[in-house]
**Q** 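Can you read through this structure? Questions will come right after.
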Protein chains: 2
Amino acid sequence: MAKRVAPRKCSVADTLELVGDRWSLLVVRELSHGFHRFDQIVYHTGASRDILAARLRKLEAVGIIRRRLYNEHPPRYEYRLTSAGWELCDVLLTLMKWGDRHLNPDNPPLRYHHSCGEVLDPVVVCAHCGGPAVRGAHSPFGPALAQD
Amino acid sequence: MAKRVAPRKCSVADTLELVGDRWSLLVVRELSHGFHRFDQIVYHTGASRDILAARLRKLEAVGIIRRRLYNEHPPRYEYRLTSAGWELCDVLLTLMKWGDRHLNPDNPPLRYHHSCGEVLDPVVVCAHCGGPAVRGAHSPFGPALAQD
DNA sequence: CTAGTCAGTTGGAAATCCAAACTCACGGGC
DNA sequence: GCCCGTGAGTTTGGATTTCCAACTGACTAG
């Protein structure tokens, strides 16, 4: 009997397994902005405290954040992005750009200065030629497509 | 009495409101790969049929996909990305890249040829200077930060 | 006439989410 | 000593969402 479903094994799915919920990426956003404490993250994201506690555990378990004791007696922890966590900021930037274009076209709620002096306009390009990634991407290949 | 929470208004949060669940971005992935039909999407994503139906409605309502009748009697629909939907592929590429690096470092399950002839290596850069976006991004500004 | 296709819908159990209250260990003011 | 405030959680009880399998309805192929 044939399998009913065969979810495609792919890195997008694998990554979403870790951060594809309502709050995880917002946690990364807050940490990247320098808010490291539990109550600050609750305040700025709107997540409920129990869910946030669970997400912090999960993100720590998979190596996206690291818990740091900043006070003994009583033990108080704060959270920091690991290098893997910082790399998720690329994802945040593309999400932000999409939202700026399609949901807040008139005044983006948040922008960054870039080290070049301009306001950052993040684009995804091919590392080899510098051309737009999506428009030039074609003919996907790899094990994830073999199963069709 | 001070408000207990004040979720930051930002495009990342707004975008996640639309696609920040377990299945929506996988739907976009499948559509971008040329799978447009309900059963194909069920098969390749693993989403349950009722949830998928609900997500397709939502994605259509917000303008990420478009429903197209391809057969009358019985009415059969297929789904296509709108231009806004295609732009989400940038998000998929950054998610894929992160997953390739951190979850599937040995053999990425999926790659793309790029129009330049190389295998696509997507990077997020500043549109003005071409430098890495994240490393050079600093001093965020805008209404989303005013509330702190 | 039977089996298969296909885009959903339905029903019920299981998991998850949420807001608010509570806990525990402190520090400070009086 | 006693009360209040801070801060990172945990508990609670109820609402919501998700999951899964089975079902529907209108066809088509053999």
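Here is the naming used below: chain letters follow the sequence lines, and residue numbers restart at 1 for every chain.
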**Q** Measure from the side-chain heavy atoms of B/Trp23 and tell me the nearest of C/dG8, C/dC17, D/dC19.
**A** D/dC19
**Q** If you check the B/Asp39 side chain, which of C/dA7, D/dA8, C/dT9 turns out closest?
**A**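 Per side-chain heavy atoms of B/Asp39, the pick is C/dA7.
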**Q** Among A/Val12, A/Leu18, A/Asp14, find the residue that satisfies the side-chain contact (heavy atoms from CB on, under 4.5 Å) test when tested with B/Trp98.
**A** A/Leu18
**Q** Any donor-acceptor pair under 3.5 Å between the side chain of B/Asp50 and the base of D/dC19?
**A**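 Yes, the side chain and the base share a sub-3.5 Å donor-acceptor pair.
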**Q** Between D/dG9, C/dC18, C/dG8, spot the one nearest the side chain of A/Arg67, thanks.
**A** D/dG9
**Q** Could you check whether any side-chain heavy atom of A/Ile65 comes within less than 4.5 Å of a side-chain heavy atom of A/Arg80, counting everything from C-beta outward?
**A**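 They are not in contact (no side-chain heavy atoms under 4.5 Å apart), so the answer is no.
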**Q** Considering only NZ, NE, NH1 and NH2 on the basic side and carboxylate oxygens on the acidic side, decide whether B/Glu60 and B/Lys58 come within less than 4.0 Å.
**A** no
**Q** Side chain of A/Tyr70 only, please: which of D/dC19, C/dG8, D/dA8 is the nearest?
**A**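 Of the options given, the side chain of A/Tyr70 lies nearest D/dA8.
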**Q** I'd like to know if B/Asp21 and A/Arg22 make a salt bridge, using a cut-off of under 4.0 Å between side-chain N and carboxylate O.
**A**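 No.
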**Q** Answer yes or no: side-chain N or O of B/Arg49 and base N or O of C/dA7 forming a donor-acceptor pair under 3.5 Å.
**A** yes
**Q** Set out, line by line, the N/O atom pairs under 3.5 Å between protein and nucleotides 25-30 of chain D.
**A**
unit_1 : atom_1 : unit_2  : atom_2 : d
D/dG25 : N2     : B/Arg76 : NH2    : 2.6
D/dC27 : OP1    : B/His73 : O      : 3.2

**Q** Salt bridge check: are A/Glu30 and B/Arg8 linked by an N-O gap of less than 4.0 Å?
**A** yes
**Q** Out of D/dT18, D/dG9, D/dT11, which has the shortest distance to the side chain of B/Arg55?
**A** D/dT18
